[in-house]
Amino acid sequence: MSLAKTYSPADVEAKWYQRWQEKGFFQAHVNPKKQPYTVVIPPPNVTGVLHMGHMLNNTIQDVLVRRARMQGKEACWVPGTDHASIATEAKVVAMLKEQGINKKDLTREEFLGHAFAWKEKYGGIILEQLKQLGASCDWSRTRFTMEPKLTEAVLRVFVDLYRKGLIYRGVRMVNWDPQGGTAISDEEVIAKDVQGKMFHLRYELVSEPGHYLTVATSRPETIMADVAVAVNPTDPRYAALVGQQVRIPLVGREVPIITDERVAVDFGTGTLKVTPAHDLVDYEIGLAHNLPVIDVLNDDGTLNEQAGARYAGMDRFAVRRLIAKDLQEAGLLDKIEEYATIAQTSERTGAVIEPKLSLQWFLKMEHLAKPALEVVENDTIKLHPPKFKNMYRVWMENVRDWCISRQLWWGQRIPAYYLPDGSFVVALSAEEALGLAREQSGNNELQASDLRQDEDVLDTWFSSWLWPISVFDGFDDPDNADINYFYPTNDLVTAPEILFFWVARMIMAGLEYRQEVPFRNVYLTGIVRDALGRKMSKQLGNSPDPLDLIRDFGADAVRTGMLFSSPAGNDLLYDQKLIDQGRNFTNKLWNAFRLVKGWEPDATLGFANAQAVAWFEAKLAEAVAALDEHFEKFRMSDALLAVYKLVWDDFCSQYLEMVKPAYQAPIDPETLRRTVDFLETLLKLLHPFMPFITEELWHELAERGPRDYVCVAHWPVLTAPAGAAEALADMAKAQEIVAGVRNIRNQKNIGPTKQVALAVKTDDPALVQAYAPLISKLANLSELTFVQAAPAAAVGFVASGSEFFVPLDGQVDVAAERARLEKELTYALGFRDSVNKKLGNEKFVANAKPDVLERERQKLADAEAKIAALEQGLQGME
RNA sequence: GGGAGAUUAGCUCAGCUGGUUCAGAGCAUCUGCCUUACAAGCAGAGGGUCACUGGUUCGAACCCAGUAUCUCCCA
């Protein structure tokens with residue numbers, strides 16, 4: 001046999017992934033005999049590449065899916081990507097720019113041609129990367145949110161919601177992303193703390209030239225859009241000025257001083273310049289006072305001609321700097337203050353958002369949100385960890401209408417068609433639209449060419465919220481076999497950041513279109529951070545490339561490393577050490593296999609390890625029960641740790657050491673058979689976490705049939721064997737004795753190869769006798785004898801009420817030995833007293849439950865036994 | 001500013017209904033070992049005022065009130 005001392009993942013991973021696919025193990029089919037288990041992937045951006053967050057998220061999904069598959073369920077994990085309107089369009093625009101092509105010079109069709117070509121070339125790389133991670137998706141079901149069928153689903157839903165009166169078009173103040181050139185929804189706005197400047201500007205009073213009203217603003221570039229200055233009606237400082245006119249600095253235009261409750265008396269100077277086009281509150285004030293609206297901003301964030309020739313065409317921030325200088329020179333700038341404020345930025349581009357009045361499409365949320373809140377409140381859908389329920393409730397109770405139109409080309413074009421008179425119809429196709437338009441206008445002469453389709457596309461989330469239904473074609477064919485079987489899905493694994501963007505909206509869509517929740521459990525992962533707690537980012541360069549990690553350590557090591565330290569909802573502080581630990585674990589398993597593989601059976605030998613086998617059998621049943629419980633509660637890290645300890649501590653450190661034959665000695669066939677069985681069971685339990693090495697070892701361990709793969713093996717269902725509790729308890733005592741001897745070895749510096757003798761002084765020799773061979777082997781004893789009195793010159797310890805001695809001529813420090821025993825005795829006495837005190841307390845005896853009382857009595861008895869043994873030991877030293 | 005959650009060993013976290021020798025795990029640390037599966041390893045050890053202050057209780061890491069600090073969400 002020439003098996004390498006270390007496991008080398010690179011040689012085996014690609015091979016097994018290919019075999020699994022060839023065998024079709026990941027493909028799910030409608031099968032009424034089996035229970036379905038469905039997961040839809042949170043579709044990554046089609047232009048994206050795998051990052052650490054994806055690794056964590058997809059590892060968790062794969063663990064769940066693989067276990068379900070082994071449990072005999074029809075496991076269906078649907079992969080796919082979304083089209084990510086803003087991000088993708090930005091990338092394509094940038095690429096075209098490099099080629100010297102300006103988007104403005106292209107028609108919509110030409111642009112989409114470029115975009116699709118780009119997507120074909122670069123899109124979906126991430127799905128190939130997931131295969132390297134071992135993700136057991138059904139790749140035959142791969143979907144893309146902008147493919148024809150999913151696009152049709154989106155349009156159907158739009159038309160349906162419009163006809164139900166839930167979608168409307170209107171002029172509203174929206175969040176304008178000047179860099180993306182589009183409106184975005186409230187949820188896509190991220191507030192960031194920034195250090196800003198407050199400019200105190202002088203507005204001259206028309207009636208009193210040379211006298212000024214000071215107005216504080218953080219955006220002096222918007223003064224050209226001012227239509228009034230407002231003060232609070234209760235503010236005595238300005239009461240006399242109300243109704244007068246002031247001159248806007250530099251601009252010179254006269255605007256009135258008005259009152260409005262919305263002005264904060266204690267903010268700035270208590271005066272507010274009102275620019276209805278560029279601020280939500282100002283807009284409301286403008287409406288209330290019938291003020292005009294002056295828009296000085298272009299869509300790209302530059303100022304327009306309304307701002308005057310000097311500033312037109314310049315970027316808003318450049319104008320801010322320039323105008324500050326101009327104001328200064330004109331003596332109209334009172335002062336500039338530094339102040340901490342909040343900048344609203346775009347989730348997609350990072351650009352500072354401009355509130356902008358524009359005509360957009362909205363989806364009413366109230367009707368949809370109510371039932372979606374209800375199903376989470378009553379635990380029809382469970383969030384893991386449950387603390388997110390609070391957040392979910394608050395959001396759902398305060399949800400505002402969803403702005404679903406985007407001023408982009410990459411996405412589903414809104415199916416609204418405008419008539420020459422400006423009115424519009426909403427329809428699935430141009431033909432249908434024409435019919436409706438003729439009906440609506442009463443003009444049968446109307447031609448298709450007279451209609452103009454809305455230029456905007458829909459928010460990407462307006463595709464994603466349909467994902468659990470649309471991937472099974474549930475919109476165009478609502479009663480098909482797949483959707484009836486696989487929907488509702490079971491578990492969803494995603495990040496808390498998109499709880500509202502995506503999860504909440506999927507719940508709404510599921511209830512609206514299937515009258516059923518889209519999933520039962522939502523597992524929320526944390527954010528992957530570096531060891532210093534910083535979010536991983538390209539700018540910081542603190543994120544390793546996941547593919548490098550897989551190449552260097554193996555996918556199994558990376559998967560387990562990621563899971564070691566990531567309880568649900570908690571951030572994962574990534575540290576290379578975690579991957580090392582994962583790698584070490586694969587190596588440990590590999591070497592356990594090497595050991596067992598090397599054993600040669602001798603048919604003449606009888607079964608020599610009944611105790612060890614009975615013990616590990618009991619241990620295994622116990623561990624599987626614990627493991628299953630962790631899984632039911634979505635405690636993935638705990639589940640992994642449970643198997644980790646079972647394999648490393650119980651199987652390798654204990655069991656294998658118990659049954660391992662001497663060097664080059666043969667093993668009895670029964671022990672070998674049972675050990676191989678155990679190892680197979682362990683491979684099954686490990687498989688969801690470490691799919692590759694377990695499959696490799698599964699096939700190394702025995703000749704397998706064509707479809708005999710651990711990947712589809714039955715998940716172990718074990719019941720504790722008869723006498724399990726006793727086997728566990730007895731072995732624990734034996735192990736305590738072994739540990740006692742080993743402790744003495746360490747204290748006295750006796751190497752593991754040197755044999756020692758052990759003398760036992762006990763009233764109950766049965767257990768020690770029964771386990772004597774095992775204890776002798778594990779503690780490397782030369783002899784184990786029973787004595788009536790402590791031998792001279794020996795170091796002793798107390799275990800399970802008996803005394804043990806290791807005779808060590810010339811190495812025993814009697815004084816130190818006594819001191820150690822006395823210390824132990826003091827502790828035991830103190831402990832006994834505290835238990836006694838408890839049992840002597842009438843109220844305790846009266847109030848405590850019987851089993852609690854019983855346990856206390858047992859504690860007392862144990863303590864008494866230990867004290868007796870220690871006292872005898874001390875006497876023996878006299 | 002409003003709300004939610006958290007604070008347990010050097011680090012990351014468990015700790016269920018208040019009661020087991022209950023103060024735990026993994027990693028890290030320290031000591032000794034190249035013991036024929038594994039030094040990516042083996043054997044052992046040390047380490048905590050359960051954030052703080054009060055309260056309830058026979059009994060509190062756990063329940064209650066307040067304080068401090070941190071994180072997240074919303075404005």
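Letters A, B, ... mirror the listed sequences (proteins, then strands); counts begin at 1.
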Selection from [options] that lies nearest to any side-chain heavy atom of [X]:
{"X": "Ala592(A)", "options": "U35(B), G26(B), A37(B)", "answer": "A37(B)"}
{"X": "Leu573(A)", "options": "A40(B), U12(B), U31(B)", "answer": "U12(B)"}
{"X": "Glu657(A)", "options": "C38(B), G32(B), A28(B)", "answer": "C38(B)"}
{"X": "Lys577(A)", "options": "A45(B), C27(B), A25(B)", "answer": "C27(B)"}
{"X": "Asn587(A)", "options": "A37(B), U36(B), A40(B)", "answer": "A40(B)"}
{"X": "Cys652(A)", "options": "A40(B), G5(B), A37(B)", "answer": "A37(B)"}

For [X] and [N], give me the distance from atom [atom1] to atom [atom2], rounded to whole Å.
{"X": "Lys597(A)", "N": "C38(B)", "atom1": "NZ", "atom2": "C1'", "value": "18 Å"}
{"X": "Asn743(A)", "N": "C42(B)", "atom1": "CG", "atom2": "P", "value": "18 Å"}
{"X": "Asn390(A)", "N": "C72(B)", "atom1": "CG", "atom2": "C1'", "value": "12 Å"}
{"X": "Asn780(A)", "N": "C42(B)", "atom1": "CG", "atom2": "P", "value": "18 Å"}
{"X": "Asp649(A)", "N": "G41(B)", "atom1": "CG", "atom2": "P", "value": "12 Å"}
{"X": "Glu736(A)", "N": "G44(B)", "atom1": "CD", "atom2": "P", "value": "13 Å"}
{"X": "His630(A)", "N": "G26(B)", "atom1": "NE2", "atom2": "C1'", "value": "13 Å"}
{"X": "Asn591(A)", "N": "C38(B)", "atom1": "CG", "atom2": "P", "value": "6 Å"}

Tell which nucleotide pairs with [N], taking only Watson-Crick or G-U wobble pairs whose two distances are both under 3.5 angstrom.
{"N": "A23(B)", "answer": "none"}
{"N": "A68(B)", "answer": "U7(B)"}
{"N": "G47(B)", "answer": "none"}
{"N": "C62(B)", "answer": "none"}
{"N": "G41(B)", "answer": "C33(B)"}
{"N": "A14(B)", "answer": "none"}

Give a yes/no answer on whether the side chain of [X] brings an N or O atom under 4.0 Å of OP1 or OP2 in [N].
{"X": "Arg594(A)", "N": "C38(B)", "value": "no"}
{"X": "Arg400(A)", "N": "A75(B)", "value": "yes"}
{"X": "Lys588(A)", "N": "G41(B)", "value": "no"}
{"X": "Lys5(A)", "N": "A39(B)", "value": "yes"}
{"X": "Asn584(A)", "N": "C38(B)", "value": "no"}

Would you measure the distance from the [atom1] atom in [N] across to the matching atom in [M] and give it in whole Å?
{"N": "G15(B)", "M": "C22(B)", "atom1": "C1'", "answer": "9 Å"}
{"N": "G54(B)", "M": "C13(B)", "atom1": "C1'", "answer": "29 Å"}
{"N": "U17(B)", "M": "U57(B)", "atom1": "P", "answer": "22 Å"}
{"N": "A61(B)", "M": "G48(B)", "atom1": "C1'", "answer": "12 Å"}
{"N": "A6(B)", "M": "C62(B)", "atom1": "C1'", "answer": "15 Å"}
{"N": "G5(B)", "M": "A14(B)", "atom1": "P", "answer": "16 Å"}

With sugar-phosphate meaning primed atoms plus P, OP1 and OP2, does [X] contact a base, only sugar-phosphate, or nothing at under 4.0 Å between heavy atoms?
{"X": "Ile342(A)", "value": "base"}
{"X": "Trp648(A)", "value": "sugar-phosphate"}
{"X": "Asn749(A)", "value": "sugar-phosphate"}
{"X": "Tyr644(A)", "value": "sugar-phosphate"}
{"X": "Thr586(A)", "value": "nothing"}
{"X": "Lys660(A)", "value": "base"}

Does [X] have more than 12 heavy atoms from other residues, nucleotides or ligands lying within 6.0 Å of its [atom1]?
{"X": "Lys382(A)", "atom1": "NZ", "value": "no"}
{"X": "Glu632(A)", "atom1": "CD", "value": "yes"}
{"X": "Glu397(A)", "atom1": "CD", "value": "yes"}

Name the residue closer to the 5' end of RNA chain B, choosing between Gly751(A) and Gln581(A) according to the nucleotide with the nearest heavy atom. Gln581(A)
Starting from the 5' end of RNA chain B, give me the residue, Ser653(A) or Met391(A), whose nearest nucleotide shows up first. Ser653(A)
I'd like to know if Gln747(A) reaches the base of A43(B) with its side chain, counting only an N/O donor and acceptor under 3.5 Å. no
Any N/O donor-acceptor pair, Arg583(A) side-chain to A40(B) base, under 3.5 Å: yes
Looking at [Y] and [X], is any side-chain nitrogen of the basic one under 4.0 Å from a carboxylate oxygen of the acidic one?
{"X": "Glu622(A)", "Y": "Lys619(A)", "answer": "yes"}
{"X": "Asp580(A)", "Y": "Lys577(A)", "answer": "no"}
{"X": "Lys389(A)", "Y": "Asp379(A)", "answer": "yes"}

Does the gap between the ring centers of Tyr7(A) and Phe593(A) come in under 6.0 Å? no
Which label fits Trp502(A) and Trp461(A): parallel for a plane angle under 30°, tilted from 30 to 60°, or perpendicular past 60°? tilted
Can you say whether the rings of Tyr655(A) and Phe616(A) are parallel (under 30°), tilted (30 to 60°) or perpendicular (over 60°)? tilted
